[in-house]
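The structure appears below as structure tokens.
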Amino acid sequence: MTRKFRIQDLVNLVDQSVTIYGWVDTIRDQKSVQFVIIRDETGKVQVVHDRQENPDLAEVIGQLSTDSVVEVTGKVIADERVKLGGLELRVESFKILSKADDLPINEQSNLDKRLDWRFIDLRSRRNQLIFQAQTILENEFRRHCQDEGLIEINSPKLMASPSESRSELFQVKYFDRTAYLAQSPQFYKQMGIASGFPGVFETGPVFRANPSFTSRHDTEFTSLDVEIAWVSSHEDVMSFEERLLRRAIEAIKSSLGPELESEFGTPITVPQLPFPRIPHAEAIRLVKEAGYEIPRSDGDLDPEAERRLSENLMKTTGHEFVFVTDYPSSVRPFYHMRYEDAPTVTKSFDLIWKGLEITTGAQREHRYEILKSQVLDKGLDPQSLDFYLDFFRFGCPPHGGFGLGLTRLLMILLGVANVREVTYLYRGPNRLVP
RNA sequence: GGACCUGUGGUGCAGCUCGGAGUGCACGCCGGCCUGUCAAGCCGGAGGUCGCGGGUUCAAAUCCCGUCAGGUCCGCCA
């Protein structure tokens, strides 16, 4: 009886006849013996055929092309000569299920060409690993939120009015009027708090219409969003997030660590708690003292300052993460809560991992009158925000939350140079296909 | 939106300063050789309007201008 197996199972099936399914990885067609390396998502195995044994089969194997999909039945033999795991499959039958043309890309091809042929690019072990890591990450995010009593929501991505700033919104035709693609679930998350949920979370797409040409931006990406009721400050939110990240990184390291590290060359470090925290004003001072004059005039950190700050703290604390807290209200949105005794400072934070901003969070302003005055303070029109401001008119608990960019997280975790590498199908100003 | 960089067989590069026949390298592909390969090896071969348009010149992949496509950084942000 022949049964179907994954390649990783063959080591336990020596001397048995099995059928495997996979992709042709390498063909070494010699005068008397033919070797074909078959790959599936669990590994690779060598298939061997003595040409004399079956001339018809020899002909089939002679016509093979790389990445064709095949069904191979044979006997598993332990043979020390085989460098690939000391195992091989002696062919009994060999069927081509789907023949492949010559591939338009290989692992040397540049990223843009590989993205044109993403379905082929994703076949590599390296790329499969990225999405295995992503699966664990999203799963741990869900489980952590659930363990902490939060409710999962799926907020709409079609909106009648902009959630924050109109400039970065995509417009879509919506019957006889205009709708916008959500650039954040921010307002709908907060609605959940006003609805009496103990906290909400969501993983979903967000859309940003910015023409940003960098290695860390995309126009559509997955955001991991959290909003928690009854927080007493942004400290509670940071504490939630650092525990979440430690848990997720721990889970990834324990199931994929060695393979990820050998494939990507980036050591995966499970972070210690708590993450270092540094108030914004102190961060600015520290970067200046270290000799960097921030060119921008609004008093915020620029990317270079964030990289330098991160590097500095990695040296002094040995920690890859840093929360920068207490941003000036001038560089934060109207809904971030301000300190009672220092109204130009917000109860907010960014999380920087190895120099890259991966999160923005804050305690939110839940007091209607104060919120409304902050709307006016930012020069916004309260009427256009009526539906949002109403959340705070009928009883709303104190709350806070954050948004975490999935692709940025993966990019830093694996040490790859570009979010495009870790996005299933990247969308940017110059790319809408495939 | 701003600054800078890149575009050469299917893939990755070199050639460009200092103009002289589409020249070279690696991978892949096709054919041949090879009694067990395993980054296979050896021999031979095919494959190119040098992104596109214009200019300078006896002569342009090479110099100049324009244009298109892509990238990096800044701004915006996760």
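Atom set for the values below is all heavy atoms of this structure, side chains included, hydrogens, waters and symmetry mates excluded. In what follows, chains carry the letters A, B, and so on, assigned in the order in which the sequence lines appear, proteins first and then strands, with residues in each chain numbered from 1.
As judged by a 4.0 angstrom heavy-atom cut-off over every strand, A:Ile105 is placed among residues making no nucleic acid contact. Residue-level contact check: A:Pro211 touches the bases, meaning some heavy atom is under 4.0 Å from a base atom. A:Asn418 comes within 4.0 angstrom of sugar-phosphate atoms only, judged by non-hydrogen atoms across all strands, and of no base. Across all strands, A:Asp218 comes closer than 4.0 Å to base atoms (heavy-atom distances). Among the protein residues, A:Asp350 comes within range of no part of the nucleic acid, since none of its heavy atoms lies under 4.0 Å from any strand. Residue contacts shown for A:Val206 are absent, as no nucleic acid heavy atom lies under 4.0 Å away. Nucleic acid contact for A:Arg90: base, since at least one base atom lies under 4.0 Å from a heavy atom of the residue.
Distances shown here put a side-chain N or O of A:Arg296 below 4.0 Å from the OP1 or OP2 atom of B:rC76. Not one side-chain nitrogen or oxygen of A:Asn110 sits closer than 4.0 Å to the OP1 or OP2 atom of B:rU6. Within the structure, every side-chain polar atom (N or O) of A:Arg51 is placed at least 4.0 Å from both OP1 and OP2 of B:rU37. OP1 or OP2 of B:rU72 lies within a sub-4.0 Å distance of a side-chain N or O belonging to A:Arg420. OP1 or OP2 of B:rA78 lies within a sub-4.0 Å distance of a side-chain N or O belonging to A:Thr360. Considering only side-chain N and O atoms, A:Lys113 lies nowhere under 4.0 angstrom from the phosphate OP1 or OP2 of B:rG70. For A:Asn430 and B:rG71, the shortest distance from a side-chain N or O to OP1 or OP2 is below 4.0 Å. The phosphate of B:rU37 has neither OP1 nor OP2 within less than 4.0 Å of any side-chain N or O from A:Gln34. A:Lys83 has no side-chain polar atom (N or O) that falls below the 4.0 Å cut-off from OP1 or OP2 of B:rC38. At the phosphate of B:rC77, neither OP1 nor OP2 sits under 4.0 Å from any side-chain N or O atom of A:Arg208. Phosphate contact (OP1/OP2 of B:rA78, side-chain N/O of A:Thr407, threshold under 4.0 Å): absent.
Remark: B:rG45 base-pairs with B:rC29. Criterion, Watson-Crick or G-U wobble with two distances under 3.5 Å. Across all strands shown, B:rG51 is found opposite B:rU67 as a Watson-Crick or G-U wobble partner, with both distances under 3.5 Å. Taking a pair to require two hydrogen-bonding distances under 3.5 Å in either a Watson-Crick or a G-U wobble arrangement, B:rG1 pairs with B:rC74. A 3.5 Å limit on both hydrogen-bonding distances identifies no Watson-Crick or G-U partner for B:rC38. In this structure B:rU17 sits in no base pair that meets the Watson-Crick or G-U test at under 3.5 Å.
Here B:rU37 is the nucleotide among B:rG70, B:rU37, B:rG75 with the atom lying nearest to any side-chain atom of A:Gln46. The side chain of A:His217 lies closest to B:rC77 when the candidates are B:rG1, B:rA40, B:rC77. In this structure, of B:rC38, B:rG12, B:rG75, it is B:rG12 that holds the atom nearest to the side chain of A:Ser109. Residue A:Val82 has its side chain nearest to B:rG36 when only B:rG75, B:rG36, B:rG12 are considered. In the set B:rC76, B:rC38, B:rA40, the nucleotide with an atom closest to the side chain of A:Thr26 is B:rA40. The listed nucleotides are B:rC77, B:rC38, B:rC29; the one nearest the side chain of A:Thr66 is B:rC29. Set against B:rC76, B:rG1, B:rU35, the side chain of A:Ser32 has B:rU35 as its closest nucleotide. When the nucleotides B:rU72, B:rG75, B:rG70 are ranked by their closest atom to the side chain of A:Asp112, B:rG70 comes out on top. Proximity note for A:Thr214 (side chain, C-beta onward) versus B:rC74, B:rC38, B:rA78: the nearest is B:rC74.
For the pair A:Glu88 CD and B:rC38 P, the computed distance is 14 Å after rounding to whole Å. Rounded to a whole Å, the CG atom of A:Leu301 is 14 Å from the C1' atom of B:rC77. Note: CZ (A:Phe207) to C1' (B:rC77) measures 16 Å, nearest angstrom. One interatomic measurement links the two molecules: CG of A:Leu111 to P of B:rG12, which rounds to 11 Å at whole-angstrom precision. Rounded to an integer number of Å, the gap from A:Asp121 CG to B:rG10 P is 20 Å. A straight line from CD1 of A:Ile120 to P of B:rG10 spans 16 Å, rounded to a whole angstrom. The separation between A:Asp302 atom CG and B:rC74 atom C1' is 9 Å, rounded to whole Å. Remark: C1' of B:rC76 and CG of A:Leu169 are 13 Å apart, rounded to the nearest angstrom.
Contact annotation: side chain of A:Ser212 to base of B:rC76, donor-acceptor pair present below 3.5 Å.
Among A:Arg277, A:Lys347, A:Arg332, A:His234, the single residue meeting the side chain to side chain donor-acceptor pair (under 3.5 Å) criterion with A:Asp326 is A:His234.
Pairs passing the ring pair (Phe, Tyr, Trp, His ring centres under 6.0 Å) check and including a residue from residues 275-315 of chain A, sequence neighbours excluded, read A:Phe275-A:His319, A:Phe275-A:Phe321, A:Phe275-A:Phe323, A:His280-A:Tyr327.
One C1' atom belongs to B:rC74, the other to B:rA14, and the distance between them is 32 Å to the nearest Å. Taking atom P in both B:rC29 and B:rC58, one finds a spacing of 48 Å when rounded to whole Å.
Heavy-atom contacts from other residues, nucleotides or ligands closer than 6.0 Å to CD of A:Gln146 number 12 or fewer. Enclosure of atom NZ in A:Lys44 is not indicated, since only 12 or fewer non-hydrogen atoms of other residues, nucleotides or ligands lie within 6.0 angstrom. The neighbour count for A:Gln272 CD, taken as heavy atoms of other residues, nucleotides or ligands under 6.0 Å away, does not exceed 12.
For the residue pair A:Arg420 and A:Asn418, a side-chain donor N or O sits within less than 3.5 Å of a side-chain acceptor on the partner. Looking only at atom types and distance, the side chain of A:Glu241 has a donor-acceptor partner in the side chain of A:Thr359 under 3.5 Å away.
Comparing A:Gln108 and A:Val48 against RNA chain B, the residue whose closest nucleotide sits nearer the 5' end is A:Gln108. Checking A:Arg307 against A:Leu351, the closest nucleotide of RNA chain B that is more toward the 5' end is the one next to A:Arg307.
In this structure, A:Phe387 and A:Tyr188 have tilted ring planes: the angle between them lies in the 30° to 60° band.
Judged by ring centres under 5.5 Å apart and planes tilted less than 30 degrees, A:Phe221 stacks against the six-membered base ring of B:rA78.
For the pair A:Asp116 and A:Lys113, the salt-bridge criterion is not met [side-chain N within less than 4.0 Å of a carboxylate O].
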